[in-house]
Chemist: 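There's a structure below that I have some questions on.
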Protein chains: 2
Amino acid sequence: MTKTKDRGAVALPLNTIIDGDCIEVMRSLPEASVDLIFADPPYNLQLRGDLHRPDNSLVDAVDDAWDQFSSFEAYDRFTRDWLSAAKRLLKPNGAIWVIGSYHNVFRMGAELQNQGFWILNDVVWRKSNPMPNFRGKRLTNAHETLIWASRDEGAKYTFNYEALKALNEGIQMRSDWVLPICTGHERLKDDAGDKAHPTQKPESLLHRVILGTTNAGDVVLDPFFGTGTTGAVAKMLGREYIGIEREEAYRKVAKKRIENVRKFDSDSIAVSTSKRAEPRVAFGVLVERGMLRPGEMLVSPRGKTAKVRADGTLIGDDVKGSIHQVGAHLEGAPSCNGWTYWHFKRDGKQVPIDLLRQQVRAEMREN
Amino acid sequence: MTKTKDRGAVALPLNTIIDGDCIEVMRSLPEASVDLIFADPPYNLQLRGDLHRPDNSLVDAVDDAWDQFSSFEAYDRFTRDWLSAAKRLLKPNGAIWVIGSYHNVFRMGAELQNQGFWILNDVVWRKSNPMPNFRGKRLTNAHETLIWASRDEGAKYTFNYEALKALNEGIQMRSDWVLPICTGHERLKDDAGDKAHPTQKPESLLHRVILGTTNAGDVVLDPFFGTGTTGAVAKMLGREYIGIEREEAYRKVAKKRIENVRKFDSDSIAVSTSKRAEPRVAFGVLVERGMLRPGEMLVSPRGKTAKVRADGTLIGDDVKGSIHQVGAHLEGAPSCNGWTYWHFKRDGKQVPIDLLRQQVRAEMREN
DNA sequence: CGTTTGGTTGAATCATAAC
DNA sequence: CGTTATGATTCAACCAAAC
């Protein structure tokens, strides 16, 4: 899996997690060699005292040393340094994603502009299940903000418009994304059973970022690698990753995690480019949320099969397209409701995919 | 309707629209005299050329002179000046709302922090009907960002938690608000039938802001008044407004608009309040009034018991003190609300002692 | 085995009046 | 001003145990 790309004198260590401070490491890597950077830096939360829930339990806050800065000036200096090192690494048509909260995102956004990055969108991750405001003193902090920017104004950045549109019921993707926070089995635990990292991001978020703004084979670098969500999703989607992480415990967890990830096959990774492909339902969301996996086979009541692709389309023996199109073709029918036609296997039984849609709808209703 | 508030030498011109540059005007008004500022400054859009829809019609872009700045530095200087003038105007417990897009909001947010404002929330206005991205080159820009900040860290800002919770079907209000953009009858037209202002904000947005973060009678200032949405909603909700606007055409439209607005009656303006705003009642008063008798046993939901003493304290097996102290001790909790924790028996049923406090408060209101 | 219930938790700048 | 005491406050998701 590990390989390198030679860029003149220095090699680019692909699909590895580099130990060290991200600024120093980035400065040591060859310039103009990376297609996309995804960065989830410390938020500088500035929490004051303890916080208890109404039931008197204590909230496990982010109080790690790596999130502490002495002042806005110190945080700005840090931001300036890592962003300029990142810019140097990007190819001319490369792009960057950063994520943050109101504590730090305004400073990151301003510095991106100061350094000549060109903001393409700010994107709101609307959390379907945020932590409430326990004291009733403010609004529930229910979102985080991502900024997507190209290296320079006028850059020919990558944007898979049709793939994201397919993920969004055939309607063009908006700048607000409703996704659950990372919990349950996806949330990595340490040996003691506690969360391995206080701020692990959901794979669904990275799925959308990487699918939408890179091509297969692109190099994706994450300078604040943590537990390696970026690397795991990049590997699934057939992209090359480079992680930088200075905490040994995080590196260890990330390495093991990514080793267990299987790359989806090429058919599954291919995204829609046809303007005709306009699925009328958000089948792609099931894939994005991990309810169905790219490469997984769906079955019809009469035994026809088709394979799930990462952008929410299907591929059969001699046909590809939406769940409805593929179903109609296999049945020789003018139309077909893919939601009731296609089934997946769970515990030996065949279950219609419509069941999964109902689950998603239930979650969406709650917003 | 027009009136003034004297603050020493200079009068505060309430419910008027002041002609002039907002920085100069704000500097001329008395300091620490305003409860809330709502600011919708120029976004510095940096548009590059005309944009046409797929049907070749031309998009009517924001290309007004007031939105043009020569550089980020010029925009930052402008932001610094109007924000510092605004901060001077705010009462110690005052607060500010600003709204912007990714073009300017990061610079505003950073400058708010630089000047010592304390960010309380960033709020996403998620547009239910945004303009699509006609070129398919980016995500649909479907939201704008508001920042809510108090004048200083530690300020006792106004937040009508219960009112916003009621607006949200009984669930606490989140930081993402889904509201339609301003269209239809609400969208003001000029004499030629064109939109009177390119960026008129919906009244629903200001309704939520003003209802949630001011009290009736508070002074709300808008330094970029435009067509006066802030003034119109402030008047409806029984708040005093001050508008500053340098364009005569906007002032004229705003004045006429607000004259036609009727204030809601007092009952409609009153909002749900929290228990915190209710007068404090000493537990001993219940004993004093014979609602509970010394020697009577109180019971917790989980079966703990304590005895009422004549001085309004409780005594348990190995602890005595206030209803809160004894409850906290018996539960091993850092704190405990004795009013909801302790119950007395009436007709065989367990009733929380908070019911008795409500009776006392009802009697107090009648006097 | 399916369903219900109870417990836990998540990037959080989370109190205030009285003394 | 600091200290002490009162007392207000939660939503969705997941999981394990109970039924």
Side-chain angles (χ1 to χ4, degrees), chain A residues 40-64 66-69 72 99-105 125 127-145 180-187 193-195 197-202 226 347 359 362-363 365-367, chain B residues 113 117-122 149-150 153-154 156-157 159 161-162 165 168-175 273-283 312-313 321-325 327-328 333-342 353-354 357:
Chain A
D40 181 13
Y43 286 11
N44 188 23
L45 287 186
Q46 307 170 69
L47 303 179
R48 299 313 200 224
D50 284 347
L51 178 64
H52 293 264
R53 298 186 181 81
D55 65 2
N56 276 325
S57 63
L58 180 66
V59 173
D60 183 16
V62 177
D63 53 2
D64 306 72
W66 51 253
D67 199 49
Q68 310 296 322
F69 292 82
F72 283 132
I99 181 168
S101 66
Y102 66 82
H103 309 84
N104 70 323
V105 77
W125 169 26
K127 302 179 185 182
S128 56
N129 51 347
M131 182 161 67
N133 185 293
F134 295 117
R135 310 307 290 265
K137 300 307 294 180
R138 302 183 181 189
L139 302 163
T140 303
N141 199 355
H143 74 277
E144 294 186 26
T145 302
I181 62 175
C182 182
T183 60
H185 291 301
E186 189 185 322
R187 189 78 192 225
D194 299 321
K195 56 188 176 191
H197 192 283
T199 71
Q200 185 182 341
K201 295 294 176 290
D347 301 326
Q359 292 177 16
E363 291 176 22
R365 267 195 296 278
E366 281 148 17
N367 301 315
Chain B
Q113 292 178 312
F117 287 94
W118 194 245
I119 297 181
L120 300 166
N121 278 115
D122 61 335
S150 59
E153 182 181 356
K156 290 174 186 160
Y157 55 90
F159 181 53
Y161 174 74
E162 293 290 343
K165 188 173 173 181
N168 195 38
E169 300 181 322
I171 295 165
Q172 63 178 205
M173 186 70 78
R174 299 167 42 117
S175 58
T273 55
S274 71
K275 292 181 189 169
R276 216 172 254 133
E278 300 278 337
R280 286 168 73 132
V281 175
F283 175 70
T313 57
S322 73
I323 53 173
H324 316 292
Q325 289 167 335
S335 68
C336 170
N337 184 344
W339 290 106
T340 52
Y341 180 77
W342 291 112
I353 59 174
D354 203 31
R357 181 171 63 161

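Chain identifiers are assigned alphabetically (A, B, ...) following the order of the sequence lines, protein sequences preceding nucleic acid strands; residue numbering begins at 1 within each chain.
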Chemist: Specify the closest pair of heavy atoms between A:N133 and B:Q172, including all atoms of both residues, with the distance to one decimal.
Modeler: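 That closest heavy-atom pairing would be N-OE1, 2.7 Å.
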Chemist: Less than 4.0 angstrom between a side-chain N/O of B:Y341 and OP1 or OP2 of D:dT6, yes or no?
Modeler: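 No, B:Y341 has no side-chain N/O under 4.0 Å of OP1/OP2 on D:dT6.
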Chemist: Toward the 5' end of DNA chain D, which comes first, B:I171 or A:G184, by nearest nucleotide?
Modeler: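 Its nearest nucleotide being more 5', the pick is B:I171.
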Chemist: What's B:S274 touching, base or sugar-phosphate or nothing? Going by heavy atoms closer than 4.0 Å.
Modeler: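 Sugar-phosphate: the residue B:S274, judged by heavy atoms under 4.0 Å, touches backbone atoms but no base.
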Chemist: Quick one: is D:dT6 close enough that its OP1 or OP2 comes under 4.0 Å of any side-chain N or O from B:S322?
Modeler: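 Yes, within the criterion.
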Chemist: Can you classify the ring geometry of B:F283 versus B:W339 as parallel (below 30°), tilted (30 to 60°) or perpendicular (above 60°)?
Modeler: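 B:F283 and B:W339: perpendicular rings.
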Chemist: Atom CG of A:N56 to atom C1' of D:dG7: distance rounded to whole Å?
Modeler: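 Checked: the CG to C1' distance equals 11 Å.
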Chemist: Do the side-chain N and O atoms of B:S322 and B:H324 include a donor-acceptor pair separated by under 3.5 angstrom?
Modeler: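 Their side chains do not contain a donor-acceptor pair, so the 3.5 Å distance test is not met.
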Chemist: Is A:K127 salt-bridged to A:E144, going by a charged N under 4.0 Å from an acidic O?
Modeler: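 Yes, charged N to carboxylate O under 4.0 Å.
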Chemist: Can you give the dot-bracket line for DNA chain D, where a pair is Watson-Crick or G-U wobble with both atom distances under 3.5 Å, crossing pairs use [ ], and | marks a partner on another strand?
Modeler: .|||||....|||||||||
Chemist: Given atom NZ of B:K165 and atom C1' of D:dA8, what is their separation to the nearest angstrom?
Modeler: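 One finds 11 Å between C1' of D:dA8 and NZ of B:K165, rounded.
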Chemist: Atom CG of B:N168 to atom C1' of D:dC11: distance rounded to whole Å?
Modeler: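 Taking atom C1' of D:dC11 as the reference, CG of B:N168 is at 11 Å.
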Chemist: Could you tell me how far D:dG7 sits from C:dC14 if I compare only their P atoms? Round to whole Å.
Modeler: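 Here C:dC14 and D:dG7 have their P atoms 23 Å from each other.
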Chemist: Would you call C:dT13 syn or anti, using the 90° rule around 0?
Modeler: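 Chi for C:dT13 falls in the syn range.
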Chemist: For D:dA12 and C:dT13, measure between their C1' atoms and round to the nearest Å.
Modeler: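 Their C1' atoms lie roughly 23 Å apart.
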Chemist: Please give the distance between the C1' atoms of D:dA17 and C:dC1 as a whole number of Å.
Modeler: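 It works out to 15 Å between them.
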Chemist: Rounded to whole Å, how long is the line connecting atom CG of A:D55 with atom C1' of D:dA8?
Modeler: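 Rounded to the whole Å, the gap is 14 Å.
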Chemist: Would you please confirm or rule out a distance under 4.0 Å between OP1 or OP2 of D:dT6 and any side-chain N or O of B:H324?
Modeler: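 The answer is no; no side-chain N or O of B:H324 sits under 4.0 Å from OP1 or OP2.
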Chemist: At under 4.0 Å between heavy atoms, what does B:V281 touch on the DNA or RNA strands: base, sugar-phosphate, or nothing?
Modeler: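 Answer is sugar-phosphate: B:V281 comes under 4.0 Å of backbone atoms only.
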Chemist: Provide, to the nearest angstrom, the distance between the CG atom belonging to A:D194 and the P atom belonging to C:dT9.
Modeler: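 So the two atoms are 9 Å apart, to the nearest Å.
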Chemist: Check the distance between D:dT9's P and B:W339's CH2 and give it to me in whole angstrom.
Modeler: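 The answer, rounded to whole Å, is 15 Å.
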Chemist: Please report the distance, rounded to the nearest Å, between NZ in B:K275 and P in D:dT6.
Modeler: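 So the NZ-P distance, B:K275 to D:dT6, works out to 18 Å.
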Chemist: Is any side-chain N or O of A:S128 under 3.5 Å from a base N or O of D:dA13, one able to act as donor and the other as acceptor?
Modeler: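 Result: no qualifying N/O pair found.
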Chemist: Are B:Q325 and D:dT6 close enough that a side-chain N or O sits under 4.0 Å from OP1 or OP2?
Modeler: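 Yes, such a contact exists.
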Chemist: Side chain of A:H185 only, please: which of D:dA8, D:dC15, D:dA12 is the nearest?
Modeler: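 Output: D:dC15.
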Chemist: What distance separates A:R187 CZ from A:H185 NE2, expressed to the nearest 0.5 Å?
Modeler: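 Answer for the CZ-NE2 pair, A:R187 versus A:H185, is 14.5 Å.
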Chemist: At under 4.0 Å between heavy atoms, which parts of nucleotides 10-19 of chain C does protein reach? Answer with one letter per nucleotide, 5' to 3': B base, S sugar-phosphate only, - none.
Modeler: BBBBBSSS--
Chemist: Any chance you could measure A:D60, atom CG, to A:L51, atom CG, to the nearest 0.5 Å?
Modeler: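 Answer rounded to 0.5 Å: 11.5 Å.
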Chemist: For residues A:N129 and A:P180, report the shortest heavy-atom separation together with the two atoms involved.
Modeler: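 The answer is OD1-CA, 3.4 Å.
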Chemist: Which atom names give the shortest non-hydrogen contact between A:Y43 and A:N104, and what distance separates them?
Modeler: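 Shortest heavy-atom contact: O-CB, 3.4 Å.
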Chemist: For B:Y161 and D:dG7, what is the distance between atoms OH and P respectively, to the nearest whole Å?
Modeler: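 In whole Å, D:dG7 P and B:Y161 OH are 20 Å from each other.
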Chemist: If you measure from CG on A:N44 to NE2 on A:H103, what distance do you get to the nearest 0.5 Å?
Modeler: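 Those atoms lie 8.5 Å apart.
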Chemist: Looking only at heavy atoms, which two atoms of A:V62 and A:P198 are closest? And how far apart?
Modeler: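 Looking at all heavy atoms of both residues, the shortest contact is CG2-CB, 4.1 Å.
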Chemist: Could you give the distance separating C:dT9 and D:dT10 at their C1' atoms, to the nearest angstrom?
Modeler: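 These two C1' atoms come out 12 Å apart once rounded.
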Chemist: Over all heavy atoms of both residues, which pair between B:L120 and B:S150 is shortest? Give the atoms and the distance, please.
Modeler: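 The pair with the smallest heavy-atom distance is CD1-N, 3.7 Å.
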